[in-house]
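The basis for the numbers below is simple: all heavy atoms, side chains too, and nothing from hydrogens, waters or symmetry mates.
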Amino acid sequence: MIARIFATAIYEAHIARRNRWVLIAVGLMVVFSLVLSAVGSAPSGGLGVDRLSITVASLTSLSVYLVPLMALLMSFDAIAGDVERGTLPLLLTYPVARWEIVAGKLVAHTGILVIALIAGYGAAALVAIASDPTAVAGTVALWRLTWTSTLLGATFLGIGYGLSSLSRRASGAAGLAIGLWLGLVVLYDLALLAAVVADDGGTFTTQVFPAALVANPADAFRLFNLTASQATVAKSGIGGAAASIALWQSLLSILAWPIVALGLATLAFRKVEP
């Protein structure tokens, strides 16, 4: 089983290498991380927090948008692309279960994300520590951000596989992926904030709103990192809800979503006919 999963992962890694996904992902993370490291860490002295912890807070705001987008861009044609290229029928003739195919794709694409995250976050950390040696105290927060970003990426990879299986055309899957990213990462929070304003401190604000935040993998990721990080004083906007949500709730959401997404992707893939 493990051998079949890794064989699929190696195949997917070669495809990603040909499509320059490794270079694209690493380049995006390094560029944006360095920009945020230079701009977002300016107030560290006034806040009494080390520079790296403030950088981590800025990187959290970046990652909640960029990591899901990169994951969806890598995964939207994982199934639909095989259908259009005609390689899926050949792949299914091998003695490999469909869930193993999806798991292999997940291993390969997650590996690419990890490389990009380490490169981007590592570059930002080096800049912060080089300019302020005491910033090494923020490495715990940086490690927390790295593994939670990996889980967030795995979640959206699984969602992307599911969309790819449902559409069966790469162009259609791309449209669904972008629409879902806009819905979950951008419009979801705006809708919640509008509902909170309209509710004016009622039942929605006190009961539904916290649960709705934890239910969204992107918001759960942001709330967990802002709550657990030393830089919680730098949070703003919807991240201010972190104080009213228990840390274990957002952590549970972060841990559960990759499993749920992979399961849903496998169910959708089972319905695909080559």
Side-chain angles (χ1 to χ4, degrees), residues 5 8-9 11-13 15-16 18-22 24-25 28 63-89 91-92 96-114 116-117 149-191 212 215-222 253-274:
I5 291 176
T8 303
Y11 169 75
E12 289 296 327
I15 293 178
R18 290 200 303 268
N19 292 338
R20 302 291 191 272
W21 272 120
V22 177
I24 293 173
L28 285 174
S63 301
V64 77
Y65 294 101
L66 189 56
V67 171
L69 181 60
M70 289 195 304
L72 289 171
L73 290 177
M74 281 194 288
S75 61
F76 78 87
D77 69 339
I79 307 299
D82 286 339
V83 173
E84 291 188 342
R85 290 188 296 267
T87 57
L88 183 60
L91 183 61
L92 294 178
V96 55
R98 294 203 178 201
W99 76 267
E100 293 173 338
I101 295 175
V102 176
K105 293 176 181 290
L106 181 65
V107 169
H109 293 146
T110 302
I112 295 172
L113 276 176
V114 169
L117 292 172
S149 295
T150 302
L151 292 177
L152 178 65
T155 295
F156 279 86
L157 285 172
I159 293 174
Y161 301 148
L163 296 178
S164 187
S165 299
L166 293 175
S167 65
R168 301 192 60 183
R169 293 180 60 88
S171 57
L176 289 175
I178 297 300
L180 184 137
W181 178 81
L182 286 173
L184 282 183
V185 179
V186 180
L187 300 180
Y188 188 89
D189 287 352
L190 294 177
N216 186 326
D219 283 328
F221 161 83
R222 174 163 45 193
S253 178
I254 292 172
L255 296 175
W257 260 110
I259 300 174
V260 172
L262 181 61
L264 294 176
T266 302
L267 290 176
F269 186 35
R270 287 179 178 176
K271 298 180 180 181
V272 175
E273 296 295 333

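With R98 contributing its side chain and V272 its backbone, the two residues share a donor-acceptor pair below 3.5 Å. The backbone N or O of M70 lies less than 3.5 Å from no partner atom in the side chain of W181, so there is not a single donor-acceptor pair. Under a 3.5 Å cut-off, the side chain of E12 and the backbone N or O of G104 do not form any donor-acceptor pair. Side-chain atoms of E100 come within 3.5 Å of backbone atoms of A97 as a donor-acceptor pair (strictly under, hydrogens ignored). Judged by distance alone, the side chain of D77 and the main-chain N or O of S164 form no donor-acceptor pair under 3.5 Å.
Inter-residue side-chain proximity for I101 and F269 is flagged as met; some heavy-atom pair is nearer than 4.5 Å. For the pair I5 and W99, the minimum side-chain heavy-atom distance is below 4.5 Å. With a 4.5 Å cut-off on side-chain heavy atoms, I178 and L72 do not count as touching. L184 places a side-chain heavy atom less than 4.5 Å from the side chain of N216. Looking only at side-chain heavy atoms (C-beta outward), Y188 and L182 stay at 4.5 Å or farther from each other. Annotation: side chain of V67 is not in contact with side chain of T150 (no heavy-atom distance under 4.5 Å). Within the 4.5 Å cutoff, side-chain heavy atoms of S149 are placed close to those of F221.
The two atoms that bring G162 and A268 nearest to each other are O-CB, 4.0 Å, heavy atoms only. When all heavy atoms of A218 and V185 are compared, the pair lying nearest together is CB-CG2, 4.4 Å. When all heavy atoms of S165 and A265 are compared, the closest pair comes out as OG-O, 4.3 Å.
Rounded to the nearest 0.5 angstrom, L73 CG and F76 CZ are separated by 7.0 Å. Note that CD1 of I259 is 12.0 Å distant from CG of L264, once rounded to the nearest 0.5 Å. Remark: D219 CG to D189 CG distance equals 4.0 Å, nearest 0.5 Å. Between L69 atom CG and S63 atom OG the span is 12.0 Å, to the nearest 0.5 Å.
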Full working for side-chain contact (heavy atoms from CB on, under 4.5 Å) between L262 and W257: CA-CA 8 Å; L262 181 61; W257 260 110; over 6 Å; no
Determine, step by step, whether L163 and L180 satisfy the side-chain contact (heavy atoms from CB on, under 4.5 Å) criterion, reporting the C-alpha distance in whole Å, the side-chain angles of both residues, the deciding distance to 0.1 Å, and the verdict. CA-CA 9 Å; L163 296 178; L180 184 137; 4.1 Å; yes
Can you give me every donor-acceptor pair (side chain of residues 106-114, partner residue at least two apart or in another chain, under 3.5 Å) with its distance?
unit_1 : atom_1 : unit_2 : atom_2 : d
H109   : ND1    : K105   : O      : 3.3
H109   : ND1    : Y161   : OH     : 2.7
T110   : OG1    : L106   : O      : 2.6

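Counted within 6.0 Å of CZ on R85, heavy atoms from surrounding residues, nucleotides or ligands total more than 12; the atom is thus considered enclosed.
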